[in-house]
Amino acid sequence: MKYDWSNAGEEWSQPWGNSEAQWRYTILPRIAPYLPAKTILEIAPGFGRWTHFLRDYCRQLWVVDRAADCIEACRRRFASDARVRCFANDGHSLSMIPDNSVDFVFSFDSFVHMQPDIVEAYLREFAKKLKLGGSGFVHHSNLAQYSNSARRFLPRACKNRLIKMKILDWEHHRNPDMSSELFGDLCKRYALHCVTQEL
């Protein structure tokens with residue numbers, strides 16, 4: 001199913017008011033210690049909701065997405081900004097990015113949907129693309145942590161009713177097979193140090 005980008009992803013920031021408020025009060029405080037960074041790599045930028053802010057914190061911003069329509073939207077939106085370069089990929093490799101060239105990797109609202117094998121493929125790439133001492137911020141699913149939760153065994157109709165009653169929260173299409181523990185283990189596999197995680 002193709003996503004309707006008519007709101008350019010802004011709809012996901014509505015609980016904060018808009019993307020600027022979400023950036024300023026939720027995201028930036030978490031990544032500020034790593035900024036500015038000479039070169040930033042953003043994975044799955046969508047229509048550039050976070051690219052718009054990230055570009056002010058670097059000399060070079062590479063954005064990579066497997067969705068050609070997203071990359072085309074970013075190319076149009078940031079055409080006048082020489083700092084931003086946009087690339088379409090196959091959804092897991094970063095061959096267009098030079099090895100040992102990235103100071104900071106960023107992805108928000110995208111890794112939460114990815115299968116563990118795709119997450120692993122990207123982490124393997126990050127290990128090659130990051131400079132020594134480089135860092136990253138990756139927003140990923142932790143739904144596997146709750147694989148034994150009673151909600152996993154509820155019939156869909158019952159689950160939807162409880163969500164409408166605000167007894168259960170939406171899962172927001174998060175990947176049910178990824179957890180914070182698995183993400184940390186995958187980082188170790190590729191000599192990446194997972195400094196901290198928020199659950």
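The basis for the numbers below is simple: all heavy atoms, side chains too, and nothing from hydrogens, waters or symmetry mates. All residue numbers refer to positions in the sequence shown, counting from 1.
Expressed to the nearest 0.5 Å, how far CZ of F111 lies from CD1 of I43 amounts to 6.0 Å. To the nearest 0.5 Å, the span separating CG on D99 from NZ on K128 amounts to 6.5 Å. Atom-to-atom distance recorded for S95:OG and D90:CG is 7.0 Å, nearest 0.5 angstrom.
In plain terms, the two heavy atoms of L130 and S135 that are nearest each other are CD2-O, 3.6 Å. G46 and C74 get closest at one heavy-atom pair: O-SG, 3.3 Å. Taking every heavy atom of both residues into account, T51 and V84 meet most closely at CG2-CG1, 4.2 Å.
I118 and F137 fall into different hydrophobic clusters, where Ile, Leu, Val, Met, Phe, Trp and Tyr side chains are chained together by heavy-atom contacts under 4.5 Å. One hydrophobic cluster holds both L192 and Y122 under the rule that ILVMFWY side chains link at heavy-atom gaps under 4.5 Å. F78 and W50 fall within a single hydrophobic cluster, where Ile, Leu, Val, Met, Phe, Trp and Tyr side chains are chained together by heavy-atom contacts under 4.5 Å.
Residues D109 and H139 form a side-chain contact, since some pair of their non-hydrogen atoms from C-beta on lies under 4.5 Å apart. Within the 4.5 Å cutoff, no side-chain heavy atoms of K129 are placed close to those of V105. Here the side chains of K131 and K38 are in contact, with some heavy-atom distance below 4.5 Å. Put simply, the side chain of V195 reaches to within 4.5 Å of the side chain of H193, judged on heavy atoms. Put simply, the side chain of I40 does not reach to within 4.5 Å of the side chain of V63, judged on heavy atoms. By the 4.5 Å heavy-atom criterion applied to side chains, M178 and V119 are counted as neighbours. Two residues are said to be in side-chain contact when any heavy atoms from C-beta on lie closer than 4.5 Å; L41 and L94 meet this criterion. The shortest distance between side-chain heavy atoms of F108 and I27 falls below 4.5 Å.
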Self-check item: Y34 vs F106, ring pair (Phe, Tyr, Trp, His ring centres under 6.0 Å): CA-CA, chis, key distance, verdict
Solution: CA-CA 11 Å; Y34 309 103; F106 176 89; over 10 Å; no
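Taking the six-membered ring where the residue is Trp, the centroids of H140 and F183 are separated by under 6.0 Å.
Applying the 6.0 Å contact sphere to OH of Y25 captures no more than 12 heavy atoms from other residues, nucleotides or ligands. Enclosure of atom CZ in R66 is not indicated, since only 12 or fewer non-hydrogen atoms of other residues, nucleotides or ligands lie within 6.0 angstrom.
Remark: the backbone N or O of S93 is not paired with any side-chain donor or acceptor of E125 at under 3.5 angstrom. Remark: side-chain polar atoms of R77 are paired, donor with acceptor, to backbone N or O of F47 under 3.5 angstrom. Within the 3.5 Å criterion, the main-chain N or O of W16 finds no donor-acceptor partner in the side chain of Q22.
Using a 3.5 Å distance cut-off with no hydrogens or angles, the side chains of R49 and S13 do pair a donor with an acceptor. Looking at W62 and T39, their side chains never bring a donor and an acceptor atom within 3.5 Å of each other. Side chain to side chain, Y190 and E120 meet the donor-acceptor criterion of an N or O pair below 3.5 Å.
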